[in-house]
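In what follows, residues are counted from 1 in the order of the sequence shown. Scope of the values below: all heavy atoms of this structure, side chains included, with no hydrogens, waters or symmetry mates. Keep in mind that what you see is a predicted model, and the values were worked out from it rather than measured.
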Amino acid sequence: MADLAGILPVLPTPFTQDGKVDLQAMRRLVRFALDCDVDGVVFPGFASEVEQLEAGERAELLGLVAQEVGGKVPVVAGASAPTAADVIAHGRVAASVGVTWLMIQPPVSIGREAGAVTAFFSEVAAGLPEARIVLQNAPAPRGSDIAPQVLVEVARAVPQIAYVKEETLPAGPAISHLLAHRPQTLAGVIGGGGARYILDEYARGACAAMPAIEIADEHVALDRAWREGRIAEAREVYVRTLPLLTLQAVYRMRLTKYVMVRRGILENTIVRAPTPELDGPACSDIDANLAALGIGAPRAAAAGGAR
């Protein structure tokens, strides 16, 4: 299995006008990501509206993603769930379509102590011996804000944990601690926060980022510039994209879908997850940021059909 590095966007879930999952649109999203030369894709994740997907929808879409990727880059399947048994069930579905990278957030219900988190991941690892795990450390209230010292202890006890996706705020000091004290089995740390802090994360040694997909080409350009030592160029891309990423922190997957409509990949911005509506001024603000990036032309219907 290839290691994880670079830009691995989280794919959104597209829906048809009648609210069903849109399989053809999902194929276009995967092709868009590959055309942007991403280093992997993630599905399903929080940005995929995973909590609003039925089990059958989730499985069908993951199979489609794996098929469309065709082994060109790694696929990381989100497998978080309230219990270890549920996580194992998600992992077995992923394995059935050839996906063995799993991103798992420890349930908030088990708390933040090393013993409980270790026991949870030990049970998952025993049930999925072929899986390699990305431990997702998300901020409260969605996650548990687990201390980096605890994460090091858990990773040392569960060798199948190959990466930590560090999303707590501020993530930088946690990334530094994890990399300074990691066991040999922990291959690296992945940044979160939608790439809004990517330069600090990379400067501290993060090996990858998992932003949303809407400007994957820009994020790939930033990543390549950084890795090739063109730091000023990477910073220029970062500064140009940051206004849009700031808006994305508010409007989340609704903004992602709006931009993907503008880019000709999606046909609507329909979401299931509760997210703020995009009104006229918000759309104008997004359009101005896209114009500055040289992306798309305004489409009056772009925000239509949202619910």
Side-chain angles (χ1 to χ4, degrees), residues 7-36 38 40-70 72-73 75-80 90 93-94 97 99 103 194-195 210-219 244-245 247-278 282-283 286-287 290 295-307:
I7 302 301
L8 300 93
V10 182
L11 302 176
T13 300
F15 300 106
T16 60
Q17 288 290 347
D18 59 0
K20 298 179 181 178
V21 296
D22 189 334
L23 301 180
Q24 291 309 310
M26 179 58 90
R27 291 188 187 279
R28 294 196 299 271
L29 286 167
V30 176
R31 292 170 191 159
F32 171 83
L34 294 176
D35 287 345
C36 289
V38 301
V41 295
V42 181
F43 184 85
F46 178 70
S48 313
E49 302 177 72
V50 61
E51 295 171 348
Q52 282 71 38
L53 293 177
E54 297 177 0
E57 294 173 329
R58 180 174 176 159
E60 183 176 26
L61 288 165
L62 179 60
L64 183 154
V65 169
Q67 179 186 58
E68 198 67 34
V69 167
K72 298 180 184 71
V73 296
V75 176
V76 180
S80 301
H90 289 320
V93 170
V97 296
V99 176
M103 185 162 66
M210 291 183 177
I213 194 176
E214 64 269 9
I215 51 171
D217 43 357
E218 296 281 357
H219 286 140
L244 187 66
L245 298 183
L247 291 172
Q248 204 273 344
V250 176
Y251 295 105
R252 309 300 299 186
M253 58 284 292
R254 203 181 293 272
L255 179 144
T256 295
K257 292 181 179 183
Y258 178 89
V259 176
M260 297 313 289
V261 169
R262 287 279 309 276
R263 303 197 75 158
I265 307 300
L266 296 184
E267 296 175 351
N268 63 62
T269 63
I270 294 172
V271 299
R272 291 180 181 174
T275 52
E277 295 281 351
L278 288 171
C283 291
I286 295 168
D287 289 342
L290 293 177
I295 294 174
R299 287 179 56 173
R307 65 181 178 97

Heavy-atom closest pair, residues [X] and [Y]:
{"X": "G40", "Y": "P9", "answer": "O-CD, 3.1 Å"}
{"X": "A273", "Y": "Q52", "answer": "CB-OE1, 3.5 Å"}
{"X": "H219", "Y": "P211", "answer": "ND1-CG, 3.5 Å"}
{"X": "N268", "Y": "F15", "answer": "ND2-O, 3.0 Å"}
{"X": "V99", "Y": "A77", "answer": "CG1-CB, 3.8 Å"}
{"X": "R58", "Y": "S80", "answer": "NH2-O, 4.1 Å"}

Look at the side chain of [X] and the backbone N and O of [Y], then say whether any donor-acceptor pair between them is shorter than 3.5 Å.
{"X": "E68", "Y": "R27", "result": "no"}
{"X": "S48", "Y": "L11", "result": "yes"}
{"X": "K257", "Y": "P14", "result": "no"}
{"X": "R262", "Y": "I295", "result": "yes"}
{"X": "R254", "Y": "L278", "result": "no"}

Rounded to the nearest 0.5 Å, what separates atom [atom1] in [X] from atom [atom2] in [Y]?
{"X": "R272", "Y": "L53", "atom1": "CZ", "atom2": "CG", "answer": "6.0 Å"}
{"X": "I7", "Y": "I215", "atom1": "CD1", "atom2": "CD1", "answer": "10.0 Å"}
{"X": "T269", "Y": "Y251", "atom1": "OG1", "atom2": "OH", "answer": "13.0 Å"}
{"X": "M26", "Y": "L62", "atom1": "CE", "atom2": "CG", "answer": "9.5 Å"}
{"X": "I213", "Y": "F32", "atom1": "CD1", "atom2": "CZ", "answer": "6.0 Å"}
{"X": "M260", "Y": "L266", "atom1": "CE", "atom2": "CG", "answer": "6.0 Å"}

Taking atom types as modelled, find out whether T275 and R252 have a side-chain donor-acceptor pair closer than 3.5 angstrom.
->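 On atom types as modelled, these side chains do not qualify, holding no pair under 3.5 Å.
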Student check: side-chain heavy atoms of P44 and T13 closer than 4.5 Å | no
Does the side chain of V10 come within less than 4.5 Å of V41's, by heavy atoms?
->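 Counting from C-beta outward, V41 and V10 never come under 4.5 Å.
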In sequence, state the C-alpha distance, the side-chain angles, and the governing distance for E267 and R28, and then conclude on side-chain contact (heavy atoms from CB on, under 4.5 Å).
-> CA-CA 11 Å; E267 296 175 351; R28 294 196 299 271; 4.0 Å; yes
Is the number of heavy atoms from other residues, nucleotides or ligands within 6.0 Å of CD (E51) greater than 12?
-> no
Step by step, work out the side-chain contact (heavy atoms from CB on, under 4.5 Å) result for L290 and V259.
-> CA-CA 8 Å; L290 293 177; V259 176; 3.9 Å; yes
Please say which of L245, V250, L244 ends up in a side chain to side chain contact (heavy atoms under 4.5 Å, CB included) with L255.
-> L244
Tell me, with the steps shown, if V97 and L64 meet side-chain contact (heavy atoms from CB on, under 4.5 Å).
-> CA-CA 9 Å; V97 296; L64 183 154; over 6 Å; no
